[in-house]
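Below: the structure, in structure tokens.
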Amino acid sequence: MIKLNYIGICLAFVLVSFWGVAQPKDLKKQALDDAHSLSTKAYPAIEDFHKALRLQLAGNLEEAKSIYLTLLKSDRANDAIYYALGNLAQEQKNPNLAQNYFDTAYSLDPENLYYAEILALTNMELGKFKEALPLWEKVVNHQPRDYNFQYYLAQCNVQLGNYKAAVEALNNVEGLVGVNPQISRLKIEMLPIIGQEQLLEEEITKLRLADPYNPETQTYIIRYYIKNSELEAFKKRLKSDLTLPSPHVSTFLYLLKIRPEIQPELKKEVLQKGIRTKVLPALTIAEHLQYLEDQAVFSKDSVAAIAQQLQENYADHPEVVKALNIYYKEAGKANNLLVLAQERLKENPNDYKAWLDLNLLQARLGLFNAMNTSVDQALENYPVLPQFYFLNAQVLAFYNEKEMATESIELGESYLLFDADTINFLHAVSKAHLAILAGDSKAYKAFMSKAKALNIMQKDYQVMALHFQHFYRAPKLVDLNEVDSKLEILLYFQALEATANGNFTEAQTKLNSFLTTYPQHANAWDLLGDVYFKLNQVSQAEMAWKKAQKLITNNLNINKKLETKTFYEQKYY
């Protein structure tokens, strides 16, 4: 049995998250409502009443209230004054007083639906659902196609334990606006209470078909079948649906989500048919690319072509890019994303999104030398976009140019005309870099927290942006133990740390492992050359520096090493 207060809380949540509470908080709407509420009889003090309305619109609530109360002394039977006083009480956050005024206005003009609606809403705000119910019934009877009114009626019935009437009202809401997952879940919880278990399967199927891509809905439905020991029966229905000429997308998605996993042969069939019929979403395909290759569902070249198509079409979809990157790492093609971003720019050098993608990828891989050039070019093309100034600040911080980095951030802030999560993320990251340079632990942690809370980029990019190259500047601020040790990018961090501590053999091992995954990481080749030189392996050092030189053109440090064949102490920034 579901508890009444649980359903009430759920309904309240849906009310806020889906439609919003239709309270007359907007003063202009309130003034129009007040004008509608004027009684049709002659009103001798209309000018004073309008003056009070104008004062209320201007925020002079006490002056408006004084006029209303004065008018009320000479005309105690005028509903419009009570209605106006009720609105004013709401503005002053006094719902009890507002309810009294609205109740009086409604008693004077019981056919006025404006009064009924606002009185019902105020009663609900005060928890007086019994008083609100007949008002909503009256409003719904006059305006049955308003889904908000139907929904408030359902909420009152739930709070009063009238679950059958609540389900009927929610059915009416769905008839007006379509299936909504939160409403469907509530109905599923209430149907057994009112003895309508026979409708459960129909309701669950309707929810599955109407909301196929939502992970929360998928989890809810699968848990429902597990709870009722019906998962195997559900799986059989899905397998049967798979034989249809055009199965619904949910058939594929649920078969792939069920745990334990379906048998390999069935999984191959699901993926093969889902991709060929073009119903599987891009994220699901991206997450199964390695499986498609390992199990020979498609040829290796076909899988590579699918991956490239996803990269071209979904470069602005963070979750798809993340899944693609995992595939490329497992396939030994970790830099493929970077190459594709560079190719996109060659095809269209004016593609703003391609410039941003390239800069973000370079930052994530720690390729700040190459990023220095690409950010400069992006700023030439887009001199008023704040995100490129914040990326530029990261490059300048990498080179220990604190004043220039600060100036770049300030320029970016001057062009920051609207809020966007990605821009705010880059802003916080650039400020974190400056905090590192200043040795300001408190500010560093605050900006780190702000950047991570935005959940914009993949975790390894956040690690890259917030931890890279700072072992030499503020080792006490940066702790690799706080980072997910499964990330391969950490091998480079660990090599940096080992080099700083003089553990060159350990650094060599980690760099060699890292470069098998990131063979185009110029900084890593440069560092490996330094490590080889420290280990008295000069020829290997020269070879590593040459590889770095091919990836970073016109780098004076690397050129000097190759010319003199001498390592000299330097910071890796």
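Remark: N123 engages Q99, L119, K128, E131, A132, L135 in a side-chain contact (heavy atoms from CB on, under 4.5 Å) (not counting sequence neighbours). In terms of the salt bridge (charged side-chain N to carboxylate O under 4.0 Å, His left out) criterion, R223 has no residue partners (sequence neighbours excluded). Listed by chain and residue number, E174, V179, K187, E203 satisfy the side-chain contact (heavy atoms from CB on, under 4.5 Å) test with K206 (two or more places apart in sequence, or in another chain). Evaluation of the salt bridge (charged side-chain N to carboxylate O under 4.0 Å, His left out) rule for E216 yields no partner, not counting sequence neighbours. Take T217 and apply the side-chain hydrogen bond (donor to acceptor under 3.5 Å, both in side chains) test, not counting sequence neighbours, and it matches R185, D211. Contacts of F390 classified as ring-ring contact (aromatic ring centres under 6.0 Å, His included), with partners at least two apart in sequence or in another chain: H427. Among residues two or more places apart in sequence or in another chain, the ring-ring contact (aromatic ring centres under 6.0 Å, His included) test is passed with Y106 by none.
Pairs engaging residues 187-243 under the ring pair (Phe, Tyr, Trp, His ring centres under 6.0 Å) rule: Y225-F234, F234-Y254 [sequence neighbours left out]. Legend: salt bridge (Lys or Arg N to Asp or Glu O under 4.0 Å) pairs involving residues 52-72, not counting sequence neighbours: none detected. Pairs engaging residues 145-172 under the salt bridge (Lys or Arg N to Asp or Glu O under 4.0 Å) rule: none recorded [sequence neighbours left out]. Residue pairs meeting the ring pair (Phe, Tyr, Trp, His ring centres under 6.0 Å) criterion with at least one member in residues 176-206: none, sequence neighbours excluded. Sorted by first and then second residue, the salt bridge (Lys or Arg N to Asp or Glu O under 4.0 Å) pairs with a member in residues 263-280 read E261-K267, E265-K268; sequence neighbours excluded.
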